[in-house]
Participant: 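Here's a structure for you.
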There are 2 protein chains.
Amino acid sequence: MAGRTRIYDVASAAGVSIATASRALNGSGRMTAETRERVKRVAAELGFRPNAMARGLLSNRSFTVGLLTNDSYGRFTLPVMAGISEALIDCGVSVFLCAIEDDPALGAVHVDAMLDKQVDGIIASGKRIDRRLPVDLSNLPVPVVYAFTEGPADSVTLVSDDFQGAHEAVEWLLRLGRKRIVHVTGPENFASVRLRAQAYRKLVGEGGEVLCGEWSELWGHAAVERLLSSGGDMPDGIFCGNDQIARGVVDACRERGIDVPRDVSVVGFDNWEIVASVTRPPLTTVDMNLRTLGREAGLTVLALAEGKPVERGIRKLPCELIVRESCGAGPRA
Amino acid sequence: MAGRTRIYDVASAAGVSIATASRALNGSGRMTAETRERVKRVAAELGFRPNAMARGLLSNRSFTVGLLTNDSYGRFTLPVMAGISEALIDCGVSVFLCAIEDDPALGAVHVDAMLDKQVDGIIASGKRIDRRLPVDLSNLPVPVVYAFTEGPADSVTLVSDDFQGAHEAVEWLLRLGRKRIVHVTGPENFASVRLRAQAYRKLVGEGGEVLCGEWSELWGHAAVERLLSSGGDMPDGIFCGNDQIARGVVDACRERGIDVPRDVSVVGFDNWEIVASVTRPPLTTVDMNLRTLGREAGLTVLALAEGKPVERGIRKLPCELIVRESCGAGPRA
DNA sequence: TCAATATGGGTAAACCTTTTCTCATCTTCG
DNA sequence: CGAAGATGAGAAAAGGTTTACCCATATTGA
C-alpha cells in the first residue's frame with residue numbers, strides 16, 4: 001500500500017536517468033540493447049506499473065470508455081459489454097458500466113461522471129433498437145457510438161440485422177419442407193417486430209399470418225390456443241419473435257399432444273441460452289451476435305477516439321441461426 | 001473537443017489566481033463570500049470540469065472501483081452492480097466492470113488493468129457464495145471486498161443470509177397452515193442448498209423431505225412427478241430452491257390438475273422477476289436484496305480505501321419474502 | 001499612532017510520466 | 001590526425017490540480 005514504485009525507482013536501480021528508463025520501457029528512443037534489457041528486468045523485479053493518471057495527464061487519454069445502458073436487467077447489455085471488454089482489454093482500455101434505468105437525471109449524472117473521468121469515448125446501449133436513451137449525447141467532447149439502441153441521424157450506430165435474422169429463420173423452416181408457417185411475435189410498436197414480420201412476409205407471401213402480442217411465455221401459450229380454436233389447420237411451422245414466446249408455444253403444443261418437432265417446427269429468436277437450451281426440445285433460434293456487436297462498437301469508439309475516420313450511419317450486423325432440436329433434423333444434418 | 005477549459009481559464013476569467021479559484025470551488029481556504037460566488041459562477045458559465053487525472057495524480061486516488069465477476073450472464077452480478085453504482089455515484093466514484101468468465105489468465109489481465117488504472121478498490125463478485133474467483137486478490141495494493149462470492153478467511157465478505165431467507169419462506173408456509181411441506185432444491189454441493197435445507201429442517205423437523213436436483217424447470221417438473229408416483233400424500237406446501245424450479249413445480253401441478261395455491265402453496269427463491277412474475281400464478285419468493293448487498297459492498301470498499309476501520313469477516317445480509325399469489329391469501333392479507 | 005493580529009489571496013512546489021532538446025562520446029572517413 | 005556524423009543518455013519542461021507557505025492589507029487594542 002505504501003508508495004508504489006515509480007519510474008524514478010526503476011531508473012535509479014538500473015543506474016540510468018528516468019528519461020532513459022521511460023524510453024526503455026516504451027520501446028522508444030535509441031539505446032544499447034543491454035541497457036533496455038536491464039531496465040526492463042529491473043522494472044519487472046520491482047513490479048513497476050506506470051501511473052495511469054500521470055500518463056493520462058500527459059497524453060490526454062484515459063484508456064477508458066463508458067458504457068451507458070438502460071437495460072437494468074442486462075440481458076442485451078451484458079453480452080454487448082463482454083464484447084466491448086474483450087476487444088478493448090488488449091489495448092489496455094477498461095470499461096465503465098453505468099446503468100441509468102430510464103431516469104434522465106441519473107443519466108446526466110453518469111455522463112458527467114464519465115466526462116470527469118475523461119473517458120476516451122462513450123458507447124450507448126439499450127434494450128431495444130428503436131428507442132433512445134434518456135440522455136443527450138450530442139455535442140459531447142468525446143466520440144459516441146450507439147450499439148443496440150437508436151442514435152441521432154448522423155451518428156455511428158450498430159444494430160443487429162433483424163430482417164436478415166428473421167429471413168434465415170423462415171428460410172430454414174421452408175427448407176425443412178414446412179408449408180403453413182405462422183409468425184407469433186411481440187408488440188407491433190417494436191421496430192424489431194415489424195422488420196422480422198417483413199422478412200417473414202417476403203418469404204411466405206402477403207397472406208402470411210402474423211400474431212402480435214407480448215414478449216412472454218403466456219402469449220406463446222395463448223397464441224397456440226388461438227391457432228387451434230380458430231378452426232383452421234394447425235400450422236406446421238411457427239416462427240417466434242423471441243425465445244420466451246417460443247417456449248410458451250412449445251409448452252402449449254406439448255400440453256395439447258402436438259409433437260415438436262414432428263408435427264410442428266418452432267424457431268425462436270435471441271438465443272437466450274437460459275430459455276432456449278432448457279426448453280424441451282431445445283430451441284432452434286436466431287442469435288443476434290451481440291458479443292460481436294459489442295466488439296465492433298468497442299473498436300469503433302476507439303478508432304474515433306484516435307481520430308481515425310469512421311463511416312457514419314447505421315451499420316447492421318448479421319444474425320446467425322443456431323440449430324437445436326425444435327425443428328427436427330435439418331437438411332444440412 | 002479542442003482544449004477543455006482548465007482551472008486556469010476560470011481563474012483568469014474571474015480575475016483571481018488559480019489557487020484562489022481552486023479553493024473557491026472546493027470550499028476550502030478563506031475568502032470573501034463574493035469572491036467565492038463569482039468564481040463558482042464563472043466556472044459554471046465556462047462549463048469547467050476539473051481534470052480527474054490531475055486531481056488523482058495528486059491525491060493518489062482515482063475515484064474508481066473495479067467490479068470483477070465470473071457471472072457472465074449477469075443474473076446475480078447486475079443487481080449487485082446496480083447497488084454499488086447507486087451508492088458510489090454520489091461520491092463521484094465510477095465502476096469498472098470486468099467479466100472474466102472462469103479464466104484465470106483473463107482474470108489476471110483484468111486485475112492488472114485495474115491496478116494500472118489505480119482503482120481505489122476492488123469488489124469481487126460471482127454467481128455462487130461458495131466458490132472463489134479464479135484470481136488471487138490477496139496482497140493487492142488496494143482494498144478488496146467480496147460480495148456474493150467466497151473470500152479468504154480474513155477478508156471482508158458480504159453474502160445474503162440463505163438460512164434466514166429460507167426460514168422466512170418456510171415460516172410463511174407454516175403460518176398459512178400448511179402441514180406437509182417438502183423442499184425441492186438444487187445440487188447438494190451448493191452451500192446455499194445446504195443452508196436453506198438446514199433452515200427448512202429446523203422448522204419442519206428432521207423428517208422433512210429434501211429433494212436435491214438441478215436448478216432447472218425440468219427438475220421442478222420431475223420432482224412433482226416423483227412426489228406423485230411415490231404413492232404418499234401429495235404435499236400441501238413446496239419450498240423451492242429457486243424460481244425456475246418453482247416454475248417447473250407450478251407448471252407440473254397445473255398439468256396434473258393440482259391447483260396452486262388452493263391444493264398446494266409454492267414458494268420460490270431469488271425473486272427473479274422474469275420468472276417469478278410470469279409464472280401462473282405469480283410466485284411468492286425470497287428476494288436476496290442483491291442491490292442492497294451491492295450498496296453495502298460499495299460503501300465498504302470506499303471506507304477501506306479511505307482508511308476507515310472496517311470489521312473483517314463474513315457479513316450476512318437479510319433476505320426478504322416477496323408475497324405474490326402462489327401461496328394463496330396470506331395471514332397478513 | 002503604532003504594533004500585533006486577522007483576513008484575503010498570490011507563488012510555487014508537488015504528483016509521475018513522457019518527450020523535446022541538448023550534450024558527450026564513439027566511429028568513420030578524408 | 002582532425003572533423004563530421006552517428007549513437008547513447010541526461011536535463012528539463014509540460015500536463016492540470018491541490019496545498020503549504022508567504023505576503024500584503026485591513027482591523028483591532030493599547
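All values derive from a computational prediction rather than experimental measurement. Convention: sequence-line order gives letters A, B, ...; per-chain numbering from 1.
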Participant: Just verifying a value: how many Å separate R49(B) CZ and I7(B) CD1, rounded to the nearest 0.5 Å?
Facilitator: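 Interatomic distance, R49(B) CZ to I7(B) CD1, rounded to 0.5 Å: 14.0 Å.
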Participant: Using the side-chain heavy atoms of R6(B), tell me which of these nucleotides is nearest: dG8(D), dT18(C), dG16(D).
Facilitator: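 Among dG8(D), dT18(C), dG16(D), the one nearest the side chain of R6(B) is dG16(D).
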Participant: Say you draw a straight line from CZ of R55(A) to CZ of R61(A); how long is it, rounded to the nearest 0.5 Å?
Facilitator: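 Result: 11.0 Å between the selected atoms.
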Participant: Answer whether the closest heavy-atom distance between the side chains of F148(A) and V159(A) falls below 4.5 Å.
Facilitator: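 The answer is no, as the side chains (C-beta and beyond) never meet within the 4.5 Å cut-off.
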Participant: Given side chains that start at C-beta, do those of V93(B) and T64(B) come closer than 4.5 Å, heavy atoms only?
Facilitator: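 Of all side-chain heavy-atom pairs linking T64(B) with V93(B), none is under 4.5 Å.
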Participant: Which residues within residues 9-17 of chain B lie with some heavy atom under 4.0 Å of an atom in DNA chain C?
Facilitator: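 Those residues whose heavy atoms fall under 4.0 Å from DNA chain C, taken from residues 9-17 of chain B in numerical order, are V16(B), S17(B).
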Participant: Could you state the atom-to-atom distance from CZ of F63(B) to P of dG16(D) in whole Å?
Facilitator: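 Rounded to whole Å, this separation is 20 Å.
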Participant: What pairs of residues pass the ring pair (Phe, Tyr, Trp, His ring centres under 6.0 Å) test when at least one of them lies in residues 15-42 of chain B, not counting sequence neighbours?
Facilitator: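 As it turns out, there is no ring pair (Phe, Tyr, Trp, His ring centres under 6.0 Å) pair with a partner in residues 15-42 of chain B once direct neighbours are skipped.
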Participant: Quick one: M53(B) CE to dT17(C) P, roughly how many Å, whole number?
Facilitator: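 Computing the M53(B):CE to dT17(C):P distance gives 13 Å.
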Participant: Quickly work out the Y8(B) OH to dA14(D) P distance and round it to whole Å.
Facilitator: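 One finds 13 Å between P of dA14(D) and OH of Y8(B), rounded.
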Participant: For DNA chain D, determine which residues of residues 55-62 of chain A have any heavy atom closer than 4.0 angstrom to one of its atoms, and list them numerically.
Facilitator: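 Within residues 55-62 of chain A, the residues near DNA chain D are L57(A), L58(A).
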Participant: Please determine whether salt bridge (Lys or Arg N to Asp or Glu O under 4.0 Å) holds for the pair R38(B) and E34(B), giving the CA-CA distance in whole Å, both sets of side-chain angles, and the decisive distance to 0.1 Å.
Facilitator: CA-CA 6 Å; R38(B) 178 162 40 94; E34(B) 191 276 327; 3.3 Å; yes
Participant: To the nearest 0.5 angstrom, please state how far the CG atom of L133(A) sits from the CD1 atom of I122(A).
Facilitator: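 These two atoms lie 10.5 Å from each other.
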Participant: Can you measure from OG1 (T300(B)) to CD1 (I84(B)) and round to the nearest 0.5 angstrom?
Facilitator: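 Here the interatomic distance stands at 10.0 Å.
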Participant: Side-chain N or O of N26(A) less than 4.0 angstrom from OP1 or OP2 on dT18(C)?
Facilitator: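 N26(A) to dT18(C) OP1/OP2: side-chain N or O found under 4.0 Å.
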Participant: Below 3.5 Å between N/O atoms, which protein atoms pair up with nucleotides 20-24 of chain D? Just atom names and distances, please.
Facilitator:
| from | atom 1 | to | atom 2 | distance (Å) |
| --- | --- | --- | --- | --- |
| dA20(D) | N6 | R23(B) | NH1 | 3.3 |

Participant: If you define the side chain from C-beta out and look only at heavy atoms, does anything of S125(A) sit under 4.5 Å from L68(A)?
Facilitator: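 With C-beta onward as the side chain, the pair stays apart.
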Participant: Side chains of L88(B) and V65(B): does their closest heavy-atom pair fall under 4.5 Å?
Facilitator: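 Yes - at least one pair of side-chain heavy atoms lies under 4.5 Å apart.
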Participant: Would you work out how much the helix from dT1(C)-dA30(D) to dG30(C)-dC1(D) bends between its ends, with each end axis defined by five base pairs, to 10 degrees?
Facilitator: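 End axes: 60° apart.
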Participant: With heavy-atom distances below 4.5 Å as the criterion, would you say the side chains of L115(A) and P141(A) are in contact?
Facilitator: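 Of all side-chain heavy-atom pairs linking P141(A) with L115(A), at least one is under 4.5 Å.
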Participant: Select base, sugar-phosphate, or nothing to describe what S22(B) touches, counting heavy atoms under 4.0 Å on all strands.
Facilitator: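 Answer is base: heavy atoms of S22(B) come under 4.0 Å of a base.
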Participant: In whole Å, I'd like the distance from the CD1 atom of I7(A) to the C1' atom of dC15(C).
Facilitator: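 Nearest whole value for this atom pair: 14 Å.
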Participant: Find the distance between CD (Q118(B)) and CG (L57(B)) and round it off to the nearest 0.5 Å.
Facilitator: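 Spacing of CD (Q118(B)) from CG (L57(B)) equals 9.0 Å.
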Participant: Separation of E34(A) atom CD from dG8(D) atom P, in whole Å?
Facilitator: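 From E34(A) CD to dG8(D) P: 12 Å.
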Participant: Compare all side-chain heavy atoms of E150(A) with those of I129(A) and state whether any distance is below 4.5 angstrom.
Facilitator: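 A side-chain contact is absent here, since even the closest heavy-atom pair is not under 4.5 Å.
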Participant: Can you check the M31(A) CE to dA6(D) C1' distance for me, whole Å?
Facilitator: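 Between C1' of dA6(D) and CE of M31(A): 16 Å.
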Participant: Please say which of V39(B), V42(B), L25(B) ends up in a side chain to side chain contact (heavy atoms under 4.5 Å, CB included) with F48(B).
Facilitator: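 Passing option: L25(B).
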Participant: What is the distance from atom OG of S94(B) to atom CE of M114(A), rounded to the nearest 0.5 Å?
Facilitator: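 CE of M114(A) is found 7.5 Å from OG of S94(B).
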Participant: Contact class for T35(A) (heavy atom, under 4.0 Å): base, sugar-phosphate, or nothing?
Facilitator: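 Touches sugar-phosphate only.
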Participant: Between A54(B) and R36(B), which is nearer to the 5' end of DNA chain C once each is assigned its nearest nucleotide?
Facilitator: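 Nearer the 5' end of the strand: R36(B).
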Participant: Can you pull out the residues from residues 40-50 of chain B that lie within a 4.0 Å heavy-atom distance of DNA chain C?
Facilitator: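 Result for residues 40-50 of chain B: none.
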Participant: Can you find a pair of side-chain heavy atoms, one from T20(B) and one from M31(B), that are under 4.5 Å apart?
Facilitator: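 T20(B) vs M31(B): side chains touch.
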